[in-house]
Amino acid sequence: MKVEQFQAVRGMNDVLPSASPYWAALEETLRQWLASYGYCEIRFPIVEPTGLFVRSIGSVTDIVEKEMYSFVDGLNGEALTLRPEGTASCVRLVIQNHLLHEGPQRLWYTGPMFRHERPQKGRYRQFHQCGVEALGYAGPEVDAELILMTARLWKRLGLTEVSLQLNTIGSSETRARYRTRLRDYFLGHTAVLDEESRRRLETNPLRILDSKNPAMAQIIQGAPSLMEDLDESSQIHFDTLQQLLHDAGQAFELNPRLVRGLDYYNATVFEWVTPLLGAQSTICGGGRYDGLVEQLGGKPTPACGFAMGLERLLALLEMIPVWASRNGPTPEVFVAHHGATGWALRVAEVLREAGVRVLFHAGEGGFKSQMKRANTSGAAFAVILGDEEQARHEVSLKPLRGQGEQQRMTVSEALAIIKSNT
Ligand code: HAM
């Protein structure tokens, strides 16, 4: 009888031993980078009440309409969702734990997010984000800090082919007025609109600007711009931000079509894009969300943040030679044994206690095959244990590099040699 073999869920990836050193190196770089800007890590659950995402991301966005993994908890009937992003959870955490009573917060998180999108290279159903959120800061200097921070990370990682796109989408009142103007404009062109855009006319006409349908490119190009009617405070905020970036020597491109796919944004929005990843060109996106804390039941609090996709960053890093040759942890000592398993396990523990990385032979195999494995393991020494070593409470030490001979000695003598040669 053939036994069914299970496959990972489509769009959800395994990380194999050959890839995990890259993940670890990226995560380590992220931690050091975040610490250098004074941001503190938070962790929140992978599952949250569905309403949290509907209320923050918006009920007529792609994420909420068709990409959320939502389910009813069979035990208590709660409507739950696998988190599709982190900003909503971060704000929930901050409100629930009264963090803003302690003053403004600079926070970050990393972990898997879930969206039921059509999988392709760079777009997955389980993907990983590193998100950074600054809550309680109203001025454009925080927008600038966040942007300069991302630029510093690209520099640390050695990424060069990335560029910054910047826009402002104004206050919610500006957007409400703009929505009406856009609706009126597109109503005059309904024959050209596809079905989805016609539906969006009533629900969220701003999202029509995001359409990739080439048949609509021309009318989208001719659509009125939000900038023609921007509120004064957003205008001042945006002008100052541009000046700050300019003073800091940070290049950017103004993109009036950049609206982002989540409803909580206002004023500043930005994205970092690369030409190297095909259709999934955005490696980082973010902006201001000054209304979200209040919308989720907290005190009115300005906020700004961004998140980047780690799979996309890793895909870029793989193209850089220094990143392309990373190995997992190699052992310093290989413990080979025959007929002395108990003594071998004890010796391995003594070595580890002293801080040595030890690979212990497990399973079948005589000394000859074990020594073959020892030689390919990357270890500098083999510690060999047989009946005689066990009887005398000694070990045999064999250097695996160079010409050194195998020698019998006490465990502490072996340890001293290992320590001074690894
Ligand atoms: P987002 O633009 O939806 O924003 O996602 C941020 C980044 O996550 C994207 O630029 C991309 O690199 C990565 N990403 C998104 N979806 C996928 C996917 N299906 N597969 C692989 N990578 C993906 C947010 O999530 C906001 N919470 C960002 C933010 C934080 N805004 C303010 N604070």
Side-chain angles (χ1 to χ4, degrees), residues 23 26-49 52-53 55-57 63 81-114 127-154 156-157 237 241 244 260 262-272 282-310 313:
W23 281 88
L26 175 58
E27 284 157 4
E28 184 51 38
T29 308
L30 291 174
R31 276 180 190 281
Q32 287 174 8
W33 162 71
L34 288 154
S36 75
Y37 283 82
Y39 281 72
C40 302
E41 185 181 7
I42 51 167
R43 300 183 188 201
F44 38 78
I46 284 175
V47 177
E48 296 269 10
L52 172 67
F53 300 117
R55 201 181 314 158
S56 24
I57 299 170
I63 297 180
T81 292
L82 299 187
R83 61 188 189 192
E85 59 107 46
T87 308
S89 302
C90 170
V91 171
R92 198 257 319 128
L93 174 152
V94 163
I95 297 172
Q96 183 177 337
N97 295 283
H98 315 292
L99 293 192
L100 289 164
H101 291 183
E102 297 159 23
Q105 298 286 323
R106 284 177 158 102
L107 305 171
W108 71 273
Y109 49 84
T110 187
M113 308 290 162
F114 301 84
F127 59 98
H128 295 74
Q129 279 187 347
C130 175
V132 178
E133 318 283 1
L135 297 105
Y137 302 95
E141 69 279 7
V142 164
D143 311 28
E145 173 183 86
L146 289 165
I147 287 171
L148 294 175
M149 197 174 164
T150 47
R152 161 101 18 235
L153 178 64
W154 315 145
R156 281 201 192 175
L157 292 171
H237 188 98
L241 172 60
L244 290 173
R260 310 265 308 128
L262 305 96
D263 277 359
Y264 49 62
Y265 291 112
N266 68 287
T268 313
V269 288
F270 65 92
E271 282 187 357
W272 283 92
T282 309
I283 54 168
C284 173
R288 266 206 169 264
Y289 48 96
D290 295 327
L292 186 58
V293 177
E294 188 178 13
Q295 211 178 318
L296 292 178
K299 288 219 175 77
T301 307
C304 190
F306 63 81
M308 47 205 171
L310 301 192
L313 279 185

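Both backbone and side-chain heavy atoms feed into the values below; hydrogens, waters and symmetry mates do not. In this text, all values refer to a predicted model and were calculated from it rather than measured experimentally.
- The two residues R288 and P302 come nearest to each other via the heavy atoms NH1-CB, 3.8 Å.
- Here CD of Q105 is found 4.5 Å from CG of L99. Values are rounded to the nearest 0.5 Å.
- Between L30 and L310 there is a side-chain heavy-atom pair separated by less than 4.5 Å.
- E133 and C90 make their closest contact through CG-SG, 3.7 Å (heavy atoms, listed as atom of the first residue, atom of the second, distance).
- In this structure the side chain of L157 reaches within 4.5 angstrom of the side chain of L26, judged on heavy atoms.
- I147 contributes atom CD1, which lies 6.5 Å from atom CG of D143 (distance to the nearest 0.5 angstrom).
- Taking each heavy atom of Y109 and I42 in turn, the nearest pair found is CB-O, 3.5 Å.
- Separation of atoms CG (L135) and CZ (R106) is listed at 11.0 Å; rounding is to 0.5 Å.
- Between P45 and R92, the closest heavy-atom pair is CD-NH2, 3.5 Å.
- With sequence neighbours left out, E27 forms a side chain to side chain contact (heavy atoms under 4.5 Å, CB included) with W23.
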### Query
Given Y289 and T87, is the side-chain hydrogen bond (donor to acceptor under 3.5 Å, both in side chains) satisfied, shown in steps?
CA-CA 9 Å; Y289 48 96; T87 308; 5.3 Å; no
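- The heavy-atom pair separating C130 from L34 by the smallest distance is SG-CD1, 4.1 Å.
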(request) Apply the test side chain to side chain contact (heavy atoms under 4.5 Å, CB included) to residues L146 and C304: give CA-CA distance (whole Å), side-chain angles for both, the deciding distance (0.1 Å), then the verdict. (result) CA-CA 8 Å; L146 289 165; C304 190; 3.6 Å; yes
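- For the pair V91 and Y264, the minimum side-chain heavy-atom distance is 4.5 Å or more.
- To the nearest 0.5 Å, atoms CD (E294) and NZ (K299) are separated by 11.5 Å.
- The side chain to side chain contact (heavy atoms under 4.5 Å, CB included) search around R152 returns W33, Y37, K155, R156, not counting sequence neighbours.
- Here the side chains of E145 and Y137 are not in contact, with every heavy-atom distance at 4.5 Å or above.
- Nearest heavy atom pair, residue R260 against residue G285, reads NH2-C, 3.5 Å.
- Contact of the W272 side chain with the F306 side chain is not registered, since no non-hydrogen atoms from C-beta on lie closer than 4.5 Å.
- Here the CD1-CG distance, from I63 to D263, works out to 10.0 Å after rounding to the nearest 0.5 Å.
- Note that the CZ atom of F44 and the CD atom of Q96 stand 12.5 Å from one another [nearest 0.5 Å].
- Panel note: side chain Q295, backbone R55; a donor-acceptor pair is recorded below 3.5 Å.
- Side-chain contact between L82 and V47 is present, with heavy atoms from C-beta onward closer than 4.5 Å.
- Under a 3.5 Å cut-off, the side chain of R83 and the backbone N or O of P112 do form a donor-acceptor pair.
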